[in-house]
Number of protein chains: 2
Amino acid sequence: MTGLREKILTTASNLFQTQGINSTGVDTIVAVAGTTKMTLYKYFGSKEVLILEVLKQGHQDFQNWLNDKLSNNTKQPSEKLQKLFDYIEEWVTSPDFHGVGFIKASAEFPQEDNPVHQLSSQQSQQFKQYIHHLATEANIKDAEGLSLQLSLIFEGAVQAEQMKRGSGAIKYAKTAAKILIDGASTQ
Amino acid sequence: MTGLREKILTTASNLFQTQGINSTGVDTIVAVAGTTKMTLYKYFGSKEVLILEVLKQGHQDFQNWLNDKLSNNTKQPSEKLQKLFDYIEEWVTSPDFHGVGFIKASAEFPQEDNPVHQLSSQQSQQFKQYIHHLATEANIKDAEGLSLQLSLIFEGAVQAEQMKRGSGAIKYAKTAAKILIDGASTQ
DNA sequence: ATCACTCTATACAGATTAGTATAATGGTGC
DNA sequence: GCACCATTATACTAATCTGTATAGAGTGAT
């Protein structure tokens with residue numbers, strides 16, 4: 001079992017978040033990962049493929065983590081929606097939080113026909129749909145509107161946290177989410 | 001009257017938004033602006049200086065535009081806060097909207113000691129303080145909390161709009177803002 | 001021991017980058 | 001005409017980038 005592919009993935013993920021994607025060269029990645037370019041290009045045909053794989057992995061990790069938390073710690077569907085931002089806070093404030101990939105990637109690759117941008121956009125929409133799913137299960141009338149608002153707050157909070165670490169933006173995002181959820185529930 | 005400096009500024013601003021900052025070379029900027037590198041480096045000592053100037057200009061334009069709108073079209077302080085997101089919507093949906101500079105810049109320059117990141121962070125905070133100012137004038141009790149929440153929604157909406165143009169995120173951001181403002185007013 | 005296989009080491013190609021040096025061009029004021 | 005000025009045109013340096021070519025080192029199986 002190599003684990004080299006995995007090592008390259010996590011190394012690239014960290015560097016992309018801390019240095020930026022375009023600012024991180026392939027040479028830097030392999031140097032930090034303790035391997036060579038030949039190996040990197042064997043597992044990932046190009047830097048673009050590597051970027052896409054990093055995004056996929058990060059998104060999947062987040063979705064799995066969140067889903068497990070919600071499945072294991074809540075019973076009623078309405079409870080999930082209420083506790084959503086509690087877990088998001090836990091995720092964002094955890095020490096190994098390294099940002100949300102698709103938000104940064106879409107900024108670095110603004111062109112709509114770019115594969116990285118397309119995947120980012122797709123992941124953003126996927127997350128919105130996940131909230132939509134939670135909202136409909138909780139019998140929210142305007143599930144579409146609420147899910148869009150909650151994803152707005154999510155992206156804004158992550159953006160703010162990324163802009164200035166430990167800004168406490170998540171706390172206010174949490175109360176804002178609570179207000180919006182309560183408002184949509186009693187309708 | 002030259003206007004060449006201005007021309008370079010607006011050209012760079014457009015290219016930075018549509019292609020990304022790091023992905024836009026100095027050669028491209030001068031080619032599109034119809035000038036040469038010598039002139040660019042005469043007005044702006046380095047690419048970093050140019051980036052900073054573009055950010056300053058864009059932020060100032062936005063703040064001036066928003067402030068004028070609010071000053072001219074509202075009378076009472078509480079009205080300003082209510083109409084804030086109406087004008088933000090007008091700004092975002094306008095055809096020559098080219099994104100909010102400091103949001104993208106902070107993504108492309110994640111390192112906190114980077115001058116571009118620092119300016120972005122500073123501008124983000126400045127905008128939050130502007131909302132805070134509006135909130136205190138409107139006699140909102142928890143002005144700090146509300147202004148943070150509204151700036152979250154703003155950044156999230158811009159992010160969403162940038163991710164997928166014409167997503168209608170602004171409309172939902174508007175209603176979310178209304179709910180939060182009303183909630184903070186009747187406290 | 002030899003084959004097969006993964007990984008390393010290193011050097012390289014070709015393109016692109018930021019920034020500079022130098023000479024020529026064009027217009028304005030006098 | 002002449003001097004002054006901003007601008008252009010072009011060529012260059014030196015670094016950096018992605019991606020590849022080639023040869024060698026290590027390991028495990030049979």
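Order of the sequence lines fixes the chain letters, A, B, ..., with proteins taken first and strands second; residue numbering starts at 1 for each chain. Quick caveat, the model's predicted, so the values are computed rather than measured.
The 12-atom threshold is exceeded at NZ of A:Lys174, counting heavy atoms of other residues, nucleotides or ligands nearer than 6.0 Å.
Between A:Gly45 and B:Gly34, the residue whose closest nucleotide on DNA chain D is further toward the 5' end is B:Gly34.
At the heavy-atom level, A:Thr24 lies under 4.0 Å from the strands shown only through sugar-phosphate atoms. Within 4.0 Å of A:Lys42, counting heavy atoms only, lie sugar-phosphate atoms of the nucleic acid but no base atom.
Checking C:dG19, C:dT20, D:dT7 against every side-chain atom of B:Leu4, the shortest atom distance belongs to D:dT7. Distance from the side chain of B:Tyr43 is smallest for D:dT7 among the nucleotides D:dT7, D:dT18, D:dT22. Taking every side-chain heavy atom of A:Thr36 into account, C:dT8 is the closest of D:dT18, C:dG19, C:dT8. Among the nucleotides D:dG19, D:dT18, D:dT20, the one closest to the side chain of A:Asp27 is D:dT18.
Applying the 4.0 Å criterion to OP1 and OP2 of D:dG19, one finds that A:Lys37 has every side-chain N and O outside that range. For D:dT8, the OP1/OP2 oxygens have a side-chain nitrogen or oxygen of B:Thr39 closer than 4.0 Å. Contact check, A:Ser46 against D:dT18: no side-chain N or O comes under 4.0 Å of OP1 or OP2.
Classified by interplanar angle (parallel below 30°, tilted 30° to 60°, perpendicular above 60°), the ring pair A:Trp91/A:Trp65 is tilted.
Aromatic ring centroids of B:Phe102 and B:Phe127 lie 6.0 Å or more apart.
As a whole-Å value, the separation of A:Asn22 CG from C:dT16 P is 15 Å.
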